[in-house]
Every structure is written in C-alpha cells, then in structure tokens.
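Report on the following structure.
Every chain is numbered from 1, with letters handed out A, B, ... down the list of sequences. Not measured: the values here are computed from a predicted model.
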Amino acid sequence: MKASWSLWGWPLVIAVVSALGLVGGLVGDGGWDWLGWIGLGVPCGAAAWFGLRRGRARDAR
Amino acid sequence: MSARTLRAWSWLHKWSSLASTVFLLVLCVTGLPLVFHHEIGRWLGTQVIAPTLPAGTPRVTLDRVMAAAKARFPAKVGMYVSQEPGDDTIWYVTMGDAPSSTTDLKQVAVDARTGAALAEPALDRGLMFVLREIHVDLFAGAWGKLFLGFMGLLMLVAIVSGVVLYAPFMRKRRFGDVRRDRSPRVKWLDLHNLLGIVSLTWAIVVGATGVVNTWADLVIGHWRDHQMATLLAHYRGQPPVTFPGSLETAVANARAREPDMTIAFIAFPGTSFSSAHHYGVFLRGRTALTGRLVHPVLVDAATGEVTTSAAPPWTLTALLLSQPLHFGDFGGLPLQWLWAALDVITIVVLGSGLYLWLGRRGPVRQVLAADLRRAGR
C-alpha cells in the first residue's frame, strides 16, 4: 500500500485538483473562476517546477 | 504486472499513439491560436465593435435588422440570427442562397440599436477560418470530422495505456524525478512520463469533449428528425413556408413564453435547427451554467404563434456542456492562458513520445529494460 501511495499519491492529487478546477470553473463566475485557475494552475505549476528545474536529480535515481 | 500484460499495454500505447500522433499534433498546433480567437479577432480588426450609445437606447425590431442584412445581399435568404453571450448590441445575420445552404454563406453584423449594417464578417476566409477548418475537419467535411473524432478516441486509448505504463517506470522513484545526468533520451523519457501524468485530467477532458463535438451534426440531426418531428407531426405533408412572417412577432412570442431567458440564436425555417414551417428560437439562461444551454421554442413561421417550447434532449445538453470544456472559454483570460500552457505541455508529450519511438533501438532501450526489470521484481 505504501509503495502505491508513493507512486500514485501526487498524480492522484493533481488529477483530482484539475477535475475540481474544470467543473468549478464551469458552474459559475467570480469565485468559481478562481477555483478553475487554481485547479489548472496546479498541473501547469507541477510541470514547470519538475520539468524545468536543474540538478537535484542525482539523489533520487 | 506480469511481463506479458506489460508487453500488451506497451503494444497498445505504441500503436494507438503512432496512429494518431501526427493528427493530434495538428490539432494541438491549430487549437492553440483558437483558444484566443476572440483576442486575435480584435487584434486583426476582424471583430465587429458596435459604437457606444447610451445604455438603455431602444432596440430596433428584428424585421428592420433583417431588412438591413437583406439590403446587403438581396439575392440571399436568412438562415440564422444570433448574438454573442453578454453583448446584445449586435445581431449577426447569416444568409445563404437557400436556408439549407452549407457553402457560400454570408454574414452581416447589424447594430441592434440603430439597425445599421456595421460589417460583413468573413465566414470563409482569413487565418482563423483556415485554422478552424483544419482543426474541425481537415477541410474534409463530415468524414474529416468523424476521422478526427476517431483520432481523439485513439488519444484516449493512448492516455489510459500511458497511465498504466507510468507505474513500472516510476516505481521506487520520487514523483517528478527527471534523470538529467543520463542520456538525452532518458531525460526525455522521464519528461514524457512527468508531463503526461500531470496533464492527465485535462487531456482526457479536452480529448473526450473534442470527440463528442465531432458528433454535433449527428446529435442535432437526430433531434430534428426525431424529437422535433414528433412534436410537429401535424405539420407533416404541408408545403414548406416560403415567405416566413414577421421575425419580430415570432421572437416576441417566444420570449413571452420563456421570460427569464435571453436569445442565443434564431434559426429560419428550413435550416438544420428548425423545421420547414418554424422559426427555431433558441434561448439561453442567465447564469454561468444555464447560459451555456439552449432551450428551443418553435414558432409557426406563418402565424407567429408558439407551437412548442420543450427542453432539448439530454444528448444536445451534453453536447453544449462539453463545448466550453473543449474550448476553455469559461474562466476568462487566465483560464485561456492555462489552456494554452496545457496545450503546449501536450505538444511536448506528443513530440517526446515520437522522439522516444524513433530512438527505440538506441541506448534508451537498456534503461527501459532496467526500469521494467526493477518493476517486475
């Protein structure tokens, strides 16, 4: 179980947050739009953070 | 996962991706500017802007709007009249040689307050038109649309199989770990996995809603030929209306029937969205969600009386709700930029996938084998 959380934990969180953002953004304006921006900002942020950072990869090999 | 199942999933991922990658790249590249089509339209000057008049300036009748459009194209007949959501200052009148025309359509933008023709937005030329046509059907009509829908289905297969394959490659490694100190192919393998998994939900949603959109004509055709045909059974056998009566009266009666709604568009008799005897007045709600949905009111084009006001079938509702989730136009400019970013991420996933396949005989093979051996343990 532990291995599967360490493998799927973050992907699952990102998937759920994105889904909340998509649905939330759709149902309303104003505060709901913020939910959309945050929900889809998370996958973009994760892509940028892990995809663009330099070094620090050696320890995790 | 046994070596056998792993091989089966790899096979599925490889072939579903290979068959669709080129088309998906075309969709991503053409879709990127389409996310900003309003902004680009404004920038290119192709978007019509109504002059500023005091709020509450009275509106002219729709019959005058039609007369203004007709003056521009006397040989053509009305097909659709529509308004953009949130802007009731301009009516867009679409005209054709016949109500059922699909080519050589013209549009006239008419000021709703003065009845003056403001512009003739180009429906069949310009950069955005070309991009949209490529994106929708590759300039290949209904079959092109269904073909792209099939490519979308392959994309969904590639996504699901890709998620299954994520496990063996990432087991016992930290989330987001990209091995930059190894060969470029190993780095790109890790980036492919990372970007694929973070954009998962978005890619599934945009892919699936894109597929649903390719069925739009079928859904509308089914609605017209079945539900609407049943409601209008007693009109069967009557000759089609050739000179429809006052549009203003028809629309006023439709609005009186559904006073809480506003106009999305009006379809003339004989178009895909109406019958041979009716104006189809499509109303929308006023909230963020109901504003996306349409409620058809069918008005007898000869008498101007409402024949029926019925909620559309759930298939049409599902289609309309899937559209914003494909276009990304429901959360203002910030959401459009996020949509664009996720589109670019998808392009990188597609490109890196292709790159990994092209280099499959190179050193990446040993790394893959080692990753998979470790996962098998």
Side-chain angles (χ1 to χ4, degrees), chain A, chain B residues 163 166-182 186-187 190-206 209 287-292 321-325 328-342 344-346 348-349 375:
Chain A
M1 256 336 256
K2 197 154 183 285
S4 113
W5 273 117
S6 70
L7 177 64
W8 291 114
W10 283 115
L12 191 68
V13 168
I14 292 170
V16 170
V17 168
S18 311
L20 286 176
L22 286 168
V23 175
L26 192 60
V27 297
D29 289 329
W32 291 105
D33 279 344
W34 276 97
L35 190 60
W37 301 337
I38 294 165
L40 290 184
V42 165
C44 292
W49 172 254
F50 291 109
L52 299 176
R53 70 177 178 167
R54 297 264 162 259
R56 287 192 51 192
R58 203 167 278 275
D59 58 337
R61 187 159 351 141
Chain B
V163 172
Y166 178 81
F169 286 111
M170 290 306 292
R171 189 150 288 154
K172 297 186 181 132
R173 288 179 43 214
R174 198 182 293 171
F175 174 76
D177 171 27
V178 177
R179 293 169 287 188
R180 293 171 201 286
D181 48 348
R182 307 276 285 272
V186 174
K187 181 181 87 178
D190 287 350
L191 282 171
H192 181 79
N193 283 330
L194 165 72
L195 298 179
I197 206 77
V198 299
S199 62
L200 173 67
T201 304
W202 181 86
I204 288 178
V205 167
V206 172
T209 53
T287 69
L289 193 59
T290 60
R292 296 281 174 183
L321 279 183
S322 77
Q323 288 185 334
L325 286 172
D329 61 353
F330 55 89
L333 205 52
L335 194 80
Q336 286 166 272
W337 281 108
L338 291 166
W339 225 254
L342 285 156
V344 170
I345 289 173
T346 305
V348 176
V349 173

With a 4.5 Å cut-off on heavy-atom pairs, point out which of A:Trp32, A:Trp37, A:Trp34 contacts chain B the most.
A:Trp37
Quick one: what part of B:Val163 sits under 4.5 Å from any heavy atom of chain A, side chain, backbone, both or neither?
both
Given a strict heavy-atom distance threshold of 4.5 Å, which part of B:Leu338 is in contact with chain A: side chain, backbone, both, or neither?
both
Tell me whether the rings of B:Trp339 and B:Phe330 are parallel (<30°), tilted (30 to 60°) or perpendicular (>60°).
perpendicular
Measure distances from B:Leu335 to the heavy atoms of chain A and classify the residue's part below 4.5 Å as side chain, backbone, both or neither.
both
Ion pair B:Asp190/B:Arg182, N-O distance below 4.0 Å:
no
Closer than 4.0 angstrom, basic N to acidic O: yes or no for B:Asp329 and B:Arg292?
yes
Looking only at heavy atoms and a cut-off of under 4.5 Å, which of A:Leu26, A:Val27, A:Ile14 has the most pairs with chain B?
A:Leu26
Is the shortest side-chain heavy-atom distance between B:Ile197 and A:Trp10 below 4.5 Å?
no
Taking every non-hydrogen atom, the tightest pair across B:Leu342 and A:Pro43:
CD2-CB, 4.3 Å
Which answer fits A:Leu12, side chain, backbone, both or neither, if we ask what part of it has an atom under 4.5 Å from a heavy atom of chain B?
neither
